[in-house]
Every structure is written in C-alpha cells, then in structure tokens.
Amino acid sequence: MVKLRARCLLVGDAAVGKSALSHMFHSDGTLFQKNYSLTTGVELLMKCVNIPETNDSVELYIIDSAGKQTLVEACEKMWGELSLLCLVFDLTSEQSFANCSHWIERVHAHCQGLHLPGVLVGNKSELSARREVQASVAQEWAQSQGLEYHETSAKERENCDAPSPQSSTGLPLSLPRTSRDHPEPESRLDHRPYSHTQNIQ
C-alpha cells in the first residue's frame, strides 16, 4: 500500500459555493453550511481518499482560498506548490463563469506556466430555472484548458466528490508519477490538524 500526498487548490469567485463544496466533500456529505460566511483567508482541510482499483490512498490537502479579489493576493502566498486544481463557478451566474479565465491565468502564473491537472465545477445545479451557463459551453471551455468538467449541488448532496482525485479520469494517473517516484519534500506539505482555518484580516 502506498500513501500519496497532494495539494488541491479550490478557487473561484466569492459566493459560488467553494466552502460548502469542500465541507461536504470533507464530511462525506454530512455537513452543509446553511448560513453563508465569506471566506476571508485560506481554509485548509485534509482527507484521506482511496484510489479506485488499488490499495493506494491519497492524503489530500484541500486549500479553500477566498474568492474576493481584494483578498486574493494575500491568500496566494499560502497556496504553496500545488498538485491539483478545482475551479468552481455558479451555474446561475454567467459572470462567475467568465471570471474563470482570470482564475486560470492567476493559477498558471503561480505555477510558473506548468500545467496543473484538475476539474472545472459548475455548482448550484439544483437551481435549474435560474441557470445562465449551459453544460456544453462549460464543457468546451474546460476541455480547452485541459480540465475535466462536473456539475454539482452541494446543497442537494449531488456529485460532491469533485475535489477528489478519482472524480477526474486524468487525476489518479498524475498523482502516482509525482508522489511515488518523486515523493514531495516535507517543505511542500502543511502538517496541521484535519480541519484548520487561517484567516487574513
């Protein structure tokens, strides 16, 4: 059995449901934040995830970063070296989808141009009557960026495993190559409790 380690960055505009999605994933669907609370820093969650059809597991560090533009620069300093990307937008907000281009550019700059495997997530799928972004459009854009695409509803507990390495066919293949053959140095990992919130005032 091999235990791998990965850092998954969760980014997107404010109020698209990043924190709700990360807490639902972390709690296996048992914890949904009913009251909205703006993330003003970086929240770090850790969860061990089994890789399908293997005896291996991933120690997945989920970095939930604030979406408000005035806070992003300070938060970016705590992203560290990343393994995976989970880019979230609100299916009822065309603007939050359009802003995904800005987010992907910032992530690419942070990673110094290196491709980061990941997934584009359209959240709030339960609000179908208010949908502004069609699945085909989001799917096409995701493919152009080398991302998988998933739609989810954190509120209705639908497809809330989006940050998981097995949620995208490309992710489990990339992790063993980087973590088995070239284990991450200790400096790249945050050794903190399973649930930790660090806020920047």
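Here the structure is a predicted model, which is why all the values come from computation and not from measurement.
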Validation row: V88, V11 side chains within 4.5 angstrom (heavy atoms): no
Residues that E140 engages under side chain to side chain donor-acceptor pair (under 3.5 Å), provided they are two or more places apart: none
For residues 109-126, please give each side-chain donor-acceptor pair under 3.5 Å, one per line with the distance, not counting sequence neighbours.
{"from": "H110", "atom 1": "ND1", "to": "E76", "atom 2": "OE2", "distance (Å)": "3.3"}
{"from": "H110", "atom 1": "NE2", "to": "G80", "atom 2": "O", "distance (Å)": "2.8"}
{"from": "N123", "atom 1": "OD1", "to": "A154", "atom 2": "N", "distance (Å)": "3.3"}
{"from": "N123", "atom 1": "ND2", "to": "V16", "atom 2": "O", "distance (Å)": "3.0"}
{"from": "K124", "atom 1": "NZ", "to": "A15", "atom 2": "O", "distance (Å)": "2.9"}
{"from": "K124", "atom 1": "NZ", "to": "D90", "atom 2": "OD2", "distance (Å)": "3.2"}
{"from": "S125", "atom 1": "OG", "to": "T152", "atom 2": "O", "distance (Å)": "3.2"}
{"from": "E126", "atom 1": "OE1", "to": "S153", "atom 2": "OG", "distance (Å)": "2.6"}

Rounded distance (nearest 0.5 Å) linking atom CG of L91 with atom CD of Q134: 9.0 Å
side-chain contact (heavy atoms from CB on, under 4.5 Å) assessment of V133 paired with F89: CA-CA 10 Å; V133 182; F89 72 96; 3.8 Å; yes
Spacing of I104 atom CD1 and R106 atom CZ [to the nearest 0.5 Å]: 13.0 Å
Among K47, R5, R7, the one residue meeting salt bridge (charged side-chain N to carboxylate O under 4.0 Å, His left out) with E59: R5
Counterpart residues, side-chain contact (heavy atoms from CB on, under 4.5 Å), relative to A135 (two or more places apart): R131, Y149, E151
Spacing of H23 atom NE2 and I62 atom CD1 [to the nearest 0.5 Å]: 9.5 Å
Identified side chain to side chain contact (heavy atoms under 4.5 Å, CB included) counterpart of L4 within the set L60, V49, V58: V58
Atom pair CG/OG of L45 and S27 - distance to nearest 0.5 Å: 9.5 Å
Side-chain donor or acceptor of E132 paired with backbone N/O of E94 under 3.5 Å: yes
Nearest-0.5 Å distance, CG of residue L87 to CG of residue L9: 9.0 Å
Between D64 and S19: side-chain donor-acceptor atoms closer than 3.5 Å: yes
Qualifying residues under side chain to side chain donor-acceptor pair (under 3.5 Å), relative to H102, sequence neighbours excluded: Q69
Joint hydrophobic cluster, F97 plus L127, side-chain heavy atoms closer than 4.5 Å: no
Non-neighbouring partners of Q145 that pass side chain to side chain donor-acceptor pair (under 3.5 Å), sequence neighbours left out: none
Short side-chain to backbone donor-acceptor contact, T39 and A66, under 3.5 Å: no
side-chain contact (heavy atoms from CB on, under 4.5 Å) evaluation trace for W79 with S65: CA-CA 8 Å; W79 289 359; S65 189; 3.0 Å; yes
Qualifying residues under side-chain contact (heavy atoms from CB on, under 4.5 Å), relative to S101, sequence neighbours excluded: W141
Spacing of SG belonging to C86 relative to NZ belonging to K18, to within rounding of 0.5 Å: 10.5 Å
W103: partners by side chain to side chain donor-acceptor pair (under 3.5 Å), with sequence neighbours left out: D13
M46 with M78, same ILVMFWY side-chain cluster at under 4.5 Å: yes
